[in-house]
Amino acid sequence: MPYCPECGGDMYYDSTTKKYVCKSCGLSLTYQQLMEMRDELRSEVESEEEKLKRKRKEYLEWWFSRKK
């Protein structure tokens with residue numbers, strides 16, 4: 001069962017409207033829209049992880065550099 005990208009609630013498929021509907025917040029999305037929203041959320045998370053990796057790398061470079 002898919003989870004809502006907005007609130008994290010359970011979603012069910014409504015065959016009359018051919019959309020996924022959240023049981024908690026009522027968000028209604030087609031399958032394509034649901035997948036697009038999930039991809040956007042994943043890309044935001046990955047960019048945050050990349051930022052953390054970059055900061056760690058910069059810190060290690062500073063730590064191992066010669067200090068005056």
Side-chain angles (χ1 to χ4, degrees):
M1 180 176 300
Y3 294 98
C4 178
E6 291 290 323
C7 70
D10 291 334
M11 297 187 86
Y12 68 93
Y13 183 73
D14 184 8
S15 60
T16 57
T17 61
K18 298 182 180 176
K19 292 186 177 184
Y20 288 89
V21 181
C22 178
K23 292 179 181 178
S24 301
C25 69
L27 180 68
S28 177
L29 300 168
T30 63
Y31 180 76
Q32 183 66 31
Q33 292 170 330
L34 182 62
M35 293 300 116
E36 288 173 2
M37 285 186 80
R38 286 191 177 167
D39 289 340
E40 288 174 15
L41 290 173
R42 285 185 186 137
S43 66
E44 289 175 8
V45 170
E46 289 174 1
S47 65
E48 289 296 322
E49 288 177 3
E50 289 172 359
K51 287 179 186 176
L52 285 174
K53 286 180 182 179
R54 182 180 48 79
K55 285 183 180 181
R56 288 179 186 145
K57 182 179 176 184
E58 289 174 358
Y59 176 77
L60 285 174
E61 287 175 0
W62 170 80
W63 181 257
F64 289 118
S65 69
R66 293 186 180 186
K67 297 173 184 74
K68 294 181 181 180

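Everything numeric here is computed off the predicted structure, so don't read it as measured data.
Side-chain atoms of Ser24 and Asp10, non-hydrogen and from C-beta on, never get closer than 4.5 Å to each other. Side-chain contact between Leu29 and Pro5: present, with at least one pair of heavy atoms (C-beta onward) separated by less than 4.5 Å. Side-chain contact between Glu50 and Arg54: absent, with no pair of heavy atoms (C-beta onward) separated by less than 4.5 Å.
Partners of Tyr13 under the ring-ring contact (aromatic ring centres under 6.0 Å, His included) rule, at least two apart in sequence or in another chain, are Tyr20. Among residues two or more places apart in sequence or in another chain, the side chain to side chain contact (heavy atoms under 4.5 Å, CB included) test is passed with Thr17 by Asp14, Lys19.
Here the side chain of Thr30 pairs a donor or acceptor atom with the backbone of Gln33 at under 3.5 angstrom. Checking side-chain atoms of Arg38 against main-chain N and O of Tyr3 turns up a donor-acceptor pair under 3.5 Å. Counting only distance, with no hydrogens or angles, the side chain of Glu58 and the backbone of Lys55 share no donor-acceptor pair below 3.5 Å.
Atom-to-atom distance recorded for Cys22:SG and Tyr12:OH is 9.5 Å, nearest 0.5 angstrom.
Taking the six-membered ring for Trp and thresholds of 30 and 60 degrees, Trp63 and Tyr59 have nearly parallel ring planes, at less than 30 degrees apart.
Between Gly26 and Val21, the closest heavy-atom pair is O-CG1, 4.3 Å. Of all non-hydrogen atoms in Met11 and Leu27, the two that sit nearest each other are CE-O, 3.9 Å.
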